[in-house]
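Reviewing the structure listed below.
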Number of protein chains: 2
Amino acid sequence: MKGKILEVARRIFGEYGFHGTTTRMIAQEIGIDISTLYYHWGEKGDLYEAVILDIYEDLRTKLIEIEQIVHGKSLSTRMDTAIEMMTDYLFLSPEICNLILFRYFTRTRQPSNLDFRVPEFISEIAFSMGIAKDRKHLPLDIRMRMLAMMNQIYNFVAGQNFFMDLLKTTREDYVQNVKDTLKFILIPAFAQYERAGKHHDGNGDAGTMGEGDGKKEETAP
Amino acid sequence: MKGKILEVARRIFGEYGFHGTTTRMIAQEIGIDISTLYYHWGEKGDLYEAVILDIYEDLRTKLIEIEQIVHGKSLSTRMDTAIEMMTDYLFLSPEICNLILFRYFTRTRQPSNLDFRVPEFISEIAFSMGIAKDRKHLPLDIRMRMLAMMNQIYNFVAGQNFFMDLLKTTREDYVQNVKDTLKFILIPAFAQYERAGKHHDGNGDAGTMGEGDGKKEETAP
DNA sequence: CCCTGTTTCCATCATTTGATGGAAACATAG
DNA sequence: CTATGTTTCCATCAAATGATGGAAACAGGG
């Protein structure tokens with residue numbers, strides 16, 4: 001039962017957010033009384049915290065699995081496979097994306113129960129992609145690119161209902177197009193690392209060229 | 001006063017979301033009684049609706065302004081300028097990004113007051129970029145790429161607090177790195193349109209395109 | 001069966017929250 | 001000043017919500 005509650009709480013919190021979810025909604029979805037819920041998980045904030053830890057744990061497991069499969073391949077191939085696997089996985093548990101994005105964007109009225117830190121796996125991903133030489137001390141620009149990449153996936157999964165309606169497409173079609181769009185955007189972007197040889201940082205101003213705007217060199221801090 | 005309420009409501013709704021915001025929070029922030037708020041805007045859902053319409057109107061105005069400035073330039077230049085302007089603008093009104101993303105990701109318990117449709121400017125942007133030949137009947141893949149592009153910007157602005165804390169960086173530094181990251185990812189991706197000539201759709205498996213030669217000139221730093 | 005510990009539900013509270021009616025304050029034209 | 005329309009605040013409600021105590025149901029070992 002404790003597990004069942006966590007599972008349903010993940011889904012409901014993922015759909016409605018923290019304040020949009022009531023303990024009664026969760027209990028009713030399972031068909032139990034709310035006091036049973038409180039018995040197992042304590043107050044609402046504690047349950048939410050458990051949900052967050054749970055999804056990050058799932059995500060970590062998946063990332064490790066993917067890392068082992070794409071290990072050793074070329075960057076383009078690695079990204080292609082990783083995008084396929086990651087997308088398929090997240091569409092099976094879309095609340096993972098929703099909950100992560102809520103954390104990024106939303107403030108809560110709660111004192112500070114929910115502001116605990118969770119690793120964002122940024123360095124792990126960069127390392128797995130072969131972009132980081134060293135698991136620690138990742139330069140800022142690389143960390144931001146990793147965030148950008150993950151966000152791109154999260155967005156299409158978390159917003160699937162809205163976007164499917166907006167684009168007037170079926171689910172199957174949508175999933176395929178998400179993968180294609182991700183590849184269209186991410187692979188050329190990160191292909192710059194392949195072309196630029198191993199670790200030519202190339203400043204952030206990639207792609208524009210010319211213009212030589214006044215940006216100073218900003219070597220990795 | 002009516003305007004002042006709308007302005008503050010934008011900010012608070014943007015920070016806490018619909019259910020995370022109470023009418024009392026808005027009223028208190030201004031220093032008025034909640035009944036004054038209800039007098040001007042009716043029920044909470046109506047105020048929220050007004051907020052959404054307001055931010056979309058602002059966004060529309062800005063997009064038109066940008067469109068006129070980048071008109072006629074090359075795609076890379078257009079994107080460079082548009083990213084600069086759009087980012088600067090959104091960082092001044094970050095609640096725009098938050099509110100748009102909430103609409104994408106969050107469900108509300110409300111009956112259906114907030115499910116009204118608002119244009120997402122997808123076709124306008126594609127047309128302005130010179131990617132769409134025809135303002136109507138945009139193919140699905142192009143619309144998704146436009147969404148992906150806008151989402152990329154929205155995310156970094158809406159999540160600025162979280163990301164700045166995560167990356168341990170200052171605001172100024174963060175803003176600059178957002179621009180650089182956006183250019184790093186978006187410009188190479190959409191440069192495929194330039195290289196591929198005018199309208200070679202190219203199937204979704206765009207990842208292969210990056211391998212060919214790639215960008216010729218690379219401003220040696 | 002009985003005893004004990006666990007789990008579930010019912011009844012109930014105290015707050016919070018959305019919402020409103022009506023009195024007071026304010027403004028403005030005549 | 002007075003009359004009229006507008007705006008703001010005070011007091012208050014009803015419903016929703018987070019939370020809890022205690023009785024009942026359940027489970028398993030002796």
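Chain letters run A, B, ... following the sequence lines, proteins first, then strands; residues in each count from 1. As a basis for the values below, the full set of heavy atoms in this structure was taken, side chains included, without hydrogen atoms, waters or symmetry mates. The structure displayed is predicted, hence computed values, not measured ones.
- As a whole-Å value, the separation of A:Leu47 CG from D:dT17 C1' is 15 Å.
- At whole-Å resolution of the value, CG in A:Leu37 and C1' in D:dG18 are 11 Å apart.
- To the nearest angstrom, C1' of D:dC9 lies 15 Å from CD of B:Gln28.
- A:Phe184 does not carry A:Lys179 over the face of its six-membered ring by the limits of under 6.0 Å from the centre and within 45° of the normal.
- Two rings, from A:Phe105 and B:Phe102, have their centers 6.0 Å or more apart.
- The cationic group of A:Arg103 does not satisfy the cation-pi geometry with B:Phe162, failing either the under 6.0 Å distance to the six-membered ring centre or the 45° limit from the ring axis.
- If you take OH of B:Tyr39 and P of D:dG5, they are 13 Å apart, rounded to a whole angstrom.
- The 12-atom threshold is not exceeded at CD of A:Gln28, counting heavy atoms of other residues, nucleotides or ligands nearer than 6.0 Å.
- Distances were taken from every side-chain heavy atom of A:Ile32 (C-beta onward) to each of C:dT7, D:dT6, C:dC9; the shortest belongs to C:dC9.
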5' to 3', nucleotides 14-26 of chain C under a 4.0 Å protein heavy-atom cut-off (B base, S sugar-phosphate only, - none) gives ---BBBBB-----
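- Taking the six-membered ring where the residue is Trp, B:Phe121 and B:Tyr56 present tilted rings, their angle falling between 30° and 60°.
- Remark: of the listed residues A:Arg11, A:Lys2, A:Arg60, A:Arg10, A:Arg10 is the sole one forming a salt bridge (Lys or Arg N to Asp or Glu O under 4.0 Å) with A:Asp54.
- Residue A:Met25 contributes atom CE, which lies 8 Å from atom P of D:dT17 at whole-angstrom precision.
- A:His40 has a side-chain polar atom (N or O) that falls below the 4.0 Å cut-off from OP1 or OP2 of C:dT8.
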